[in-house]
Amino acid sequence: MLSQIVSALGVVVVAVFACSAYFFFSNKILDLALPVRDGDIRQASRNLNRRAMIRPWLFLFPALFLLIVYLVYPVVATFILSFYDRSGNEFVGTTNYLWALNDREFRQSIFNNILWLAVVPAACTFFGLVIAVMTDRIWWGNIAKSIVFMPMAISFVGASVIWKFIYEYRGGNDVQIGLLNAIVQTFGGTPQVWISVPFWNNFFLMVILIWIQTGFAMVILSAALRGIPEETIEAAVIDGANGWQIFWRIMVPQIWGTIAVVWTTITILVLKVFDIVLTMTNGQWQTMVLANLMFNWLFRGGGDSGRSAVIAIIIMLAVTPIMVWNVRRANAELKGR
């Protein structure tokens, strides 16, 4: 444990020192390469302009380099790999894509991902907004927000383990230790193996992600609500608006941009959901999603790099429009200012 802490601190120190040294020496080299001398005014002016053009790219170079190495290159390599066989050696054309179209498990994963996209972002945003509004003007609001935000500190696997105990089922005459089955049994119902009930088990898994991400939505939307001018709400109260009307006609329109950002951020997260499904069901009982299917094909039976690459490409294609929309919206807001 101690060695890991020391190693992590060493990496941080070395990384900070290396970055500082790069920026310092690259700036010095640029100044030496394009000197500004008093004797030649034209040359000095030309060098100053060149410095101004080069310096931003010089400072951006580390980020651009890492972006190319860790994002652009893997995307291109994955796309190329999707046209090869399981070993990645023999070119098979569009065979892997045709397999995806005809595979029942792949189609089930697409359907489940659509379910997740329809439910989770909407539920997280709705509950986050409601909690933000309800806790904004009470003295114990910060305590309530802390409790709601707390699941954000838990990993997806840890949260899944917690909810496994909630959904736990004991057969025969054993006492039900799962919270949900205990409640059902208390009211005279029959305990169920909840995570193995087809279709509905997807929603039981979604609850875990909603539980984790509602705190994120609440914090962002709470900050946006505090940015609404008090004069606007006071004017609405004077005009006779009730709380419901103030919420939908005053608050929501003014923070709609933030709501959209929260929604799209959680949508991207949903497209990458993997840990929860892997921990709870590993895709059994019709709960498979694309990210978990990609993981399975990457390691199943020795691994199939071609099929797993196809699924990765489809996930990236699904995420790209959302990211483009987010960037365009951000640019539009900046231009509007």
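Worth saying up front: this structure is predicted, and the values here are computed from it rather than measured. Index from 1, following the sequence.
The shortest side-chain heavy-atom distance between Asn282 and Asn296 falls under the 4.5 Å cut-off. Inter-residue side-chain proximity for Phe204 and Thr281 is flagged as unmet; no heavy-atom pair is nearer than 4.5 Å. Using a 4.5 Å cut-off on side-chain heavy atoms (C-beta onward), Ser160 and Asp275 make no contact.
The minimum heavy-atom distance between Cys124 and Ala217, with the atom names listed, is O-CB, 3.5 Å. Residues Leu271 and Ala291 share a closest heavy-atom pair of O-CB, 4.5 Å. Of all non-hydrogen atoms in Ile210 and Thr214, the two that sit nearest each other are O-OG1, 2.6 Å. Heavy atoms only, all atoms of each residue included: Ser109 and Val289 are closest at CB-C, 3.8 Å. Across all their heavy atoms, Arg51 and Asp31 have their closest contact at NH2-O, 3.2 Å.
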- Are Trp285 and Val193 close enough, and set up right, to give a side-chain contact (heavy atoms from CB on, under 4.5 Å), and what steps lead you there? CA-CA 11 Å; Trp285 308 298; Val193 187; over 6 Å; no
- Query: For Leu269 and Gln213, what are the C-alpha separation, side-chain angles and deciding distance, and is it a side-chain contact (heavy atoms from CB on, under 4.5 Å)?
  - Reply: CA-CA 10 Å; Leu269 178 67; Gln213 289 298 311; 3.3 Å; yes
- Item | Derivation of the side-chain contact (heavy atoms from CB on, under 4.5 Å) call for Ile266 and Phe216 | CA-CA 9 Å; Ile266 297 175; Phe216 163 76; 4.2 Å; yes
- Show your working on side-chain contact (heavy atoms from CB on, under 4.5 Å) between Val277 and Trp116 and close with a plain yes or no. CA-CA 12 Å; Val277 176; Trp116 280 73; 4.1 Å; yes
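There is a path of hydrophobic side-chain contacts, each under 4.5 Å, that joins Ile195 to Ile183. Note on Leu209: it does not cluster hydrophobically with Trp263, by side-chain heavy-atom contacts below 4.5 Å among ILVMFWY residues. Linking Ile, Leu, Val, Met, Phe, Trp and Tyr whenever their side-chain heavy atoms come within less than 4.5 Å leaves Met53 and Ile29 in two separate clusters. When hydrophobic clusters are built by joining Ile, Leu, Val, Met, Phe, Trp and Tyr residues whose side-chain heavy atoms come closer than 4.5 Å, directly or via intermediates, Ile268 is grouped together with Ile208. No chain of hydrophobic side-chain contacts below 4.5 Å, direct or via other Ile, Leu, Val, Met, Phe, Trp or Tyr residues, connects Val161 to Ile212.
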Return a table of donor-acceptor pairs under 3.5 angstrom between the side chains of residues 305-312 and protein atoms on other chains or two or more places apart.
residue: Ser305; atom: OG; partner: Arg86; partner atom: O; Å: 2.8
residue: Ser308; atom: OG; partner: Asp304; partner atom: O; Å: 3.0
residue: Ser308; atom: OG; partner: Ser305; partner atom: O; Å: 3.1

Indicate every side-chain donor-acceptor pair of residues 57-82 with a distance under 3.5 Å to a residue at least two apart or in another chain.
residue: Thr78; atom: OG1; partner: Pro74; partner atom: O; Å: 2.6
residue: Ser82; atom: OG; partner: Phe79; partner atom: O; Å: 2.5
residue: Ser82; atom: OG; partner: Tyr97; partner atom: OH; Å: 2.8

Only distances under 3.5 Å count here; give the side-chain donor-acceptor pairs of residues 144-157 to other protein atoms, sequence neighbours excluded, each with its distance to 0.1 Å.
residue: Lys145; atom: NZ; partner: Ser222; partner atom: OG; Å: 2.7
residue: Ser146; atom: OG; partner: Asn142; partner atom: O; Å: 2.8
residue: Ser155; atom: OG; partner: Gly158; partner atom: N; Å: 3.0

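Atom CD1 of Ile259 is separated from atom CZ of Phe126 by 11.5 Å, given to the nearest 0.5 angstrom. Within the model, atoms CG of Leu117 and CE of Met206 stand 9.0 Å from one another, a figure rounded to the nearest 0.5 Å. Atom CG of Leu129 sits about 6.0 Å away from atom CG of Leu225, to the nearest 0.5 Å. Between the OH atom in Tyr84 and the CG atom in Asn89 there is a gap of 9.5 Å [rounded to 0.5 Å]. From Asn27, atom CG reaches atom CG of Leu32 across 10.0 Å, with rounding to the nearest 0.5 Å. The structure places CG of Leu293 at 11.0 Å from CD of Gln108, a figure rounded to the nearest 0.5 Å.
Between Phe106 and Trp99, the ring planes are tilted. Angles from 30° to 60° get that label. The aromatic rings of Phe199 and Phe203 stand perpendicular to each other, their planes meeting at an angle above 60°, with 30° marking the opposite boundary. Using cut-offs of 30° and 60° on the angle between ring planes, the pair Trp211 and Trp163 is perpendicular.
For Ser26 (side chain) and Phe23 (main-chain N/O), a donor-acceptor pair under 3.5 Å exists by modelled atom type. Put simply, the side chain of Asn202 never gets that close to the backbone of Asn112: no donor and acceptor are under 3.5 Å apart. At least one donor-acceptor pair closer than 3.5 Å links the side chain of Thr264 to the backbone N or O of Val261. Under the 3.5 Å distance criterion, the side-chain polar atoms of Asn201 are matched with a main-chain donor or acceptor of Val197.
Environment of CZ in Phe274: crowded, with over 12 heavy atoms of neighbouring residues, nucleotides or ligands closer than 6.0 Å.
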